[in-house]
Amino acid sequence: MSTAELLRGRGPAGLPPAMPLNFAALQLPASPNAVLLAPPGLTTQRHITLPLLPVSPEAAWAALRMLGEGEPRCWKLAEWPELRQVQWVVRSRLANFPDIVVGQAVPLVGGAGIFLYSRSLIGYSDFGTNRRRMLAWRARLEDALRTR
């Protein structure tokens, strides 16, 4: 898929088909335009730690599925309920650059863990956009689970 095709698309148009992500095999790129949030001890990749959530995996999944709702220029690409995994595309306001965001809820002893991964499809640097997004989505997820 060419860069031009990725930029011309609106919403999910022009993107390759969504596929589930295997977080256990995830290898982050060397570029600074990808950010991973993960439970402690579940990855050796560089990441921002997202502590164990004292809720059931089902409650974590329900909150996770809603994270993209109401986000500007954000569309759900796919979800795999059997994996408790969901995927979105978020496009930049000015240049329509597509970023892919993947979230997954996993059962852990004492609660649930959440993986959130945001990456740019185009370019080397994103000027911190994916990191800011992941921190904001983390806060919204924690708020959603606190109100349950």
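Positions are given from 1 along the sequence.
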Taking all heavy atoms of [X] and all of [Y], pick out the closest pair and write down the distance.
X      : Y      : value
Ala105 : Pro57  : CB-O, 4.1 Å
Pro40  : Leu52  : CD-N, 4.4 Å
Ala63  : Leu141 : CB-CD1, 3.7 Å

I need the full list of side chain to side chain donor-acceptor pair (under 3.5 Å) pairs touching residues 26-47, with sequence neighbours left out, sorted by first then second residue.
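Applying side chain to side chain donor-acceptor pair (under 3.5 Å) to every pair that reaches into residues 26-47, excluding sequence neighbours, yields Ser31-Asn33.
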
ILVMFWY network linking Val102 to Leu28, side-chain heavy atoms under 4.5 angstrom:
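Hydrophobic grouping puts Val102 with Leu28.
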
ILVMFWY network linking Leu145 to Ile48, side-chain heavy atoms under 4.5 angstrom:
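Yes, because Leu145 and Ile48 connect within a single hydrophobic cluster, where side-chain heavy atoms sit under 4.5 Å apart.
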
Nearest-0.5 Å distance that lies between atom CE in Met134 and atom OH in Tyr117
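Answer rounded to 0.5 Å: 11.0 Å.
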
Inter-residue atom distance Leu67.CG - Glu69.CD, 0.5 Å rounding:
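Rounded to the nearest 0.5 Å, the CG-CD separation comes to 9.5 Å.
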
So [Y] and [X], do their side chains get closer than 4.5 Å, heavy atoms only?
X      : Y      : answer
Val101 : Val86  : no
Pro32  : Asp126 : no
Ile114 : Pro39  : no
Leu21  : Leu26  : yes
Arg84  : Glu58  : yes
Val106 : Phe23  : no
Val89  : Leu121 : no
Leu116 : Trp137 : yes

Is it true that a side-chain atom of [X] and a backbone atom of [Y] form a donor plus acceptor pair closer than 3.5 Å?
X      : Y     : value
Ser92  : Phe97 : yes
Arg119 : Ala34 : no
Gln87  : Met19 : yes
Gln104 : Leu83 : yes

Give the intermediate values and the outcome of side-chain contact (heavy atoms from CB on, under 4.5 Å) for residues Glu79 and Gln85.
CA-CA 6 Å; Glu79 60 180 36; Gln85 189 174 110; over 6 Å; no

Please say which of Leu36, Leu37, Leu64 ends up in a side chain to side chain contact (heavy atoms under 4.5 Å, CB included) with Phe115.
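Only match with Phe115 under side chain to side chain contact (heavy atoms under 4.5 Å, CB included): Leu36.
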
Chi angles and distances behind the side-chain contact (heavy atoms from CB on, under 4.5 Å) call for Glu142, Leu50
CA-CA 10 Å; Glu142 290 170 340; Leu50 186 59; 3.9 Å; yes

Does atom CZ of Arg138 have more than 12 heavy-atom neighbours, drawn from other residues, nucleotides or ligands, at distances under 6.0 Å?
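Above 12, so yes.
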
So, are [X] and [Y] salt-bridged, with charged N and O less than 4.0 Å apart?
X      : Y      : answer
Lys76  : Glu71  : no
Asp99  : Arg133 : yes
Arg146 : Asp143 : yes

Please check if any side-chain donor atom of Asn130 sits under 3.5 Å from a side-chain acceptor atom of Ser120, or the reverse.
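Yes, a side-chain donor-acceptor pair sits under 3.5 Å.
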
Between Ile100 and Leu77, is the side-chain contact (heavy atoms from CB on, under 4.5 Å) condition met? List the steps.
CA-CA 9 Å; Ile100 300 295; Leu77 292 176; 3.7 Å; yes

